[in-house]
Amino acid sequence: MTQTQANTVANSSDSRTTHRPLGTPLGKHPTRVLFLGSGELGKEVTIELMRLGAWVCAADSYDGAPAQQAAHEYRVLDMANATELQALFDEVKPDIIVPEVEAIATDVLAGAAAAGAQVVPSAEIAAICMDRERLRVLAHEELGLPTTPYRFAGSLEELREGAATVGYPCVVKPVMSSSGHGQSVVRSADAIDAAWTEAQEGRRAADEGDVSRVIVEALAPLDRELTVLTVSSSAGIVTCAPIGQRQESGDYRESWQPAAEPAGESERAQEIARTAVEGLVARAHKAGETGWGVFGVELFVLTDGSILFNEVSPRPHDTGMVTMASQRLSEFALHARAILGLPITAEHVALNLTDGTTAASHAIVVAGDGEAEFTNVAEALAEPGTDLRIFAKPEVHGHRRMAVALAIGTSEADARAKAGRVADTLKIDVR
C-alpha cells in the first residue's frame, strides 16, 4: 500500500470517529474511553486523553493500578473471563476500547467492535499481534519482510523436525506469550525436549490444559535491537526516529533516541516498520475498523548490517518511554491523538532535541516484597537534563518495574550515563 492509498483509506473512515465530542467528560455526551489494562503506559495515555477532554475508565485485574489512579473511574475484573468482560462493556458503554494487555477475551473484544465500538487499533490487529504465527505469516509470507528462518510446531516431534531444518542454535517460543515467558535458546538437539516443556509452561493461559503451538527460529547473529514507533491516524502512517535499546531476560532496561546508525539504516528500519503497519492496518480497514494508534515495531540488526522484522506491539512500547524526553509529542500523546481521530503527520513525530544531543531512559526495577517507597529524589534529579516518572504501583512481589529515569545528554553514552545516575542515586525501601 502506498502512502497515498493509506491516506485515502484512512480518510474514508466513519466521520463519527474523526469528530468526537471532547471537553465535557462529566457532561451529557462525553467520548467514553475504556482501558483494558492500567499499567504505567496506560497511565500516560490516560493523562493525555484527559487533557483533550475525554472521559476515561481504567480496568485491570488488581486494585490501584497506575492508570486507575488517574482515570475518572476504574474497575477490577478478570479481563480474560468472557462473561466479566461483556458485563463491563454493557455497563460502561465505551465509544473507544484500548487494550493495553494481551490477557483479554478476544471473542468479546471482536463482538464489541462488530457492535460499533472503536477497538484500538482494531480487534483484528489485536488478535494477530498476540499470535506469533499469524503475525509472522503476514509479515514474511504476505508482505515479504525479511525475518529469521523459522518453522511452526504443534508437537514435540514437529519441533524436533523444525529445529533440524532451521539449524542450531535456535530459539523456541510459544506462539502466544510476552516478555520472554516460555522462551528458550536451544544449542543442541539434546535440549529440545526441555524447550518444548518451557514453552508449554510459559505460554499464555498455561493453566487451561491445551497444547500451545510454538515457533522455532534460527538464532541470528544479533548486533542490536531497534524499536520504530509507527503511528496510524486519520492522516495516514508515519514513523518516529528509531530507538535503540538494551534488554535483560526479554525485558527492557534502557532505551535511547535517536539510535546511532550507519548511513541508510534508519531509512531501511522505518520502511520495514511502515510496511508492517500498513499490512496490519489494511486488515483493519477490510474489517471496517480504523486501525488507528501507535505501534511498536521491533527489529533485529545483525552483525552484517542487515535488518530483520521481529514482532509488533499494537500499542505504545515500553522502550518508547524515552519519547517523554526526546519528542515534542510523546508516544502517549501521539496514541491519544490518533485514537481520537486527530491527524498525525511527520511534523508531529519529529524529535525535540538540539543538534548532537540524545535522550535516554533507564528502567528502575525494584526487588522485594511490599510497598516501594522512593526517597532521595531531590538529589537524584539535581543534575540538569534529567527527569523521573514513578509509576506508583501498589506493591512489588519479587521483581517489578516501578519507575523510569529520563535524561538528555551530549551523546548516547552521556544520556545513558545520566539516566543511570538518576536510578542509582534514588533510595528505594520495600516494606
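Looking only at distances, a side-chain donor or acceptor of Glu84 sits under 3.5 Å from a matching main-chain atom of Asp78. Counting only distance, with no hydrogens or angles, the side chain of Thr227 and the backbone of Glu298 share no donor-acceptor pair below 3.5 Å. In this structure a side-chain-to-backbone donor-acceptor pair under 3.5 Å is missing from Thr24 to Leu26. Remark: side-chain polar atoms of His362 are not paired, donor with acceptor, to backbone N or O of Ala419 under 3.5 angstrom. Side chain of Thr230 to main chain of Val228: a donor-acceptor pair is present (N/O by atom type, distance under 3.5 Å, no hydrogens or angles). Between the side chain of Glu254 and the main chain of Ala360, no donor-acceptor pair closer than 3.5 Å is present. One N or O on the side chain of His285 and one on the backbone of Thr290 form a donor-acceptor pair closer than 3.5 Å. A donor-acceptor distance shorter than 3.5 angstrom exists from the side chain of Gln68 to the backbone of Ala65, with no hydrogens or angles considered. Judged by distance alone, the side chain of Ser122 and the main-chain N or O of Glu289 form no donor-acceptor pair under 3.5 Å. A distance-only check finds no donor-acceptor pair linking the side chain of Glu100 to the backbone of Gly39 [under 3.5 Å].
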Take Arg268 and Glu261, measure what salt bridge (charged side-chain N to carboxylate O under 4.0 Å, His left out) needs, and give me the verdict at the end. CA-CA 11 Å; Arg268 286 185 289 132; Glu261 315 110 358; over 6 Å; no
Hey, mind stepping through Asp387 and Arg389 against salt bridge (charged side-chain N to carboxylate O under 4.0 Å, His left out) and telling me if it holds? CA-CA 7 Å; Asp387 207 345; Arg389 298 289 188 277; 3.1 Å; yes
Between Arg328 and His348, is the side-chain contact (heavy atoms from CB on, under 4.5 Å) condition met? List the steps. CA-CA 8 Å; Arg328 183 178 72 83; His348 292 98; 4.1 Å; yes
Run the numbers on Glu142 and Val137 for side-chain contact (heavy atoms from CB on, under 4.5 Å), then give the verdict. CA-CA 7 Å; Glu142 297 183 25; Val137 168; 4.1 Å; yes
Does Arg246 form a salt bridge (charged side-chain N to carboxylate O under 4.0 Å, His left out) with Glu248? I'd like the steps, not just the answer. CA-CA 7 Å; Arg246 180 180 67 83; Glu248 290 181 12; 2.8 Å; yes
Are Leu353 and Thr358 close enough, and set up right, to give a side-chain contact (heavy atoms from CB on, under 4.5 Å), and what steps lead you there? CA-CA 7 Å; Leu353 297 168; Thr358 300; 5.5 Å; no
Would Arg75 and Glu73 satisfy salt bridge (charged side-chain N to carboxylate O under 4.0 Å, His left out), going step by step from the backbone distance to the final call? CA-CA 7 Å; Arg75 302 289 187 276; Glu73 296 185 18; 2.9 Å; yes
Apply side-chain contact (heavy atoms from CB on, under 4.5 Å) to Val172 and Glu198, showing your working. CA-CA 9 Å; Val172 177; Glu198 177 67 21; over 6 Å; no
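For the atom pair Leu334 CG and Cys240 SG, the distance stands at 5.5 Å (nearest 0.5 Å). Considering CZ of Phe35 and CG of Leu49, their distance stands at 5.0 Å, rounded to 0.5 Å. One finds the OG atom of Ser232 at 5.0 Å from the CD1 atom of Ile237 (value rounded to the nearest 0.5 Å). Note: Leu329 CG to His335 NE2 = 14.0 Å, rounded to the nearest 0.5 Å. From Glu265, atom CD reaches atom OG of Ser306 across 9.5 Å, with rounding to the nearest 0.5 Å. Rounded to the nearest 0.5 angstrom, Ser361 OG and Tyr252 OH are separated by 2.5 Å.
Here the shortest heavy-atom pairing between Gly320 and Ile243 reads CA-CD1, 4.0 Å. Closest approach of Leu77 and Ala59 over heavy atoms only: CD2-CB, 3.8 Å. In terms of heavy-atom proximity, Leu229 sits nearest to Gly296 at CD2-CA, 4.2 Å. The two residues Phe152 and Glu158 come nearest to each other via the heavy atoms O-OE1, 4.5 Å. Of all heavy-atom pairs spanning Pro30 and Pro25, the tightest one is CB-O, 3.5 Å. When all heavy atoms of Thr46 and Ala67 are compared, the closest pair comes out as OG1-CB, 3.9 Å.
With Ile272 as the partner, the side chain to side chain contact (heavy atoms under 4.5 Å, CB included) test is satisfied by one option alone out of Leu299, Leu143, Val277: Leu299. Partner of Leu226 under the side chain to side chain contact (heavy atoms under 4.5 Å, CB included) criterion, chosen from Val301, Thr319, Asn310: Val301.
Annotation: cation-pi geometry satisfied between Arg136 and Tyr150 (NZ/CZ under 6.0 angstrom from ring centroid, within 45° of ring axis). Taking the ring centre of Phe374 as origin, the terminal cationic atom of Arg431 falls outside the region bounded by 6.0 Å and 45° from the ring axis.
Ion pairing between Lys393 and Glu40 holds under the 4.0 Å rule for side-chain N and carboxylate O. With respect to Arg274 and Glu267, no salt bridge is recorded, no charged nitrogen being found less than 4.0 Å from a carboxylate O.
No side-chain donor from either of Gln247 and Asp251 sits under 3.5 Å from a side-chain acceptor of the other. Checked by atom type, the side-chain pair Tyr74/Asp60 shows no donor-acceptor distance below 3.5 Å. There is no side-chain donor-acceptor pair under 3.5 Å between Ser38 and Tyr62. Side chains of His181 and Gln183: a donor-acceptor N/O pair is absent below 3.5 angstrom, by distance only.
No side-chain heavy atom of Val216 sits less than 4.5 Å from a side-chain heavy atom of Val171. Proximity of Thr323 to Gln257: side-chain heavy atoms (C-beta onward) are separated by under 4.5 Å at one or more points. Taking 4.5 Å as the limit, some side-chain heavy atom of Val322 sits within range of a side-chain heavy atom of Ser255. Taking 4.5 Å as the limit, every side-chain heavy atom of Val312 sits out of range of all side-chain heavy atoms of Ile125. With a 4.5 Å cut-off on side-chain heavy atoms, Leu222 and Glu225 count as touching. The side-chain heavy atoms of Val214 and Leu159, taken from C-beta on, include a pair separated by under 4.5 Å. Annotation: side chain of Met324 is in contact with side chain of Phe332 (closest heavy-atom distance under 4.5 Å). Side-chain contact between Asp193 and Leu156 is present, with at least one heavy-atom pair separated by less than 4.5 Å.
No more than 12 heavy atoms of other residues, nucleotides or ligands lie within 6.0 Å of NE2 in His29, so this atom counts as exposed by the packing criterion. The environment of CD in Glu371 is sparse: at most 12 heavy-atom neighbours from other residues, nucleotides or ligands sit within 6.0 Å. Heavy atoms of other residues, nucleotides or ligands lying less than 6.0 angstrom from CD of Glu141 number more than 12.
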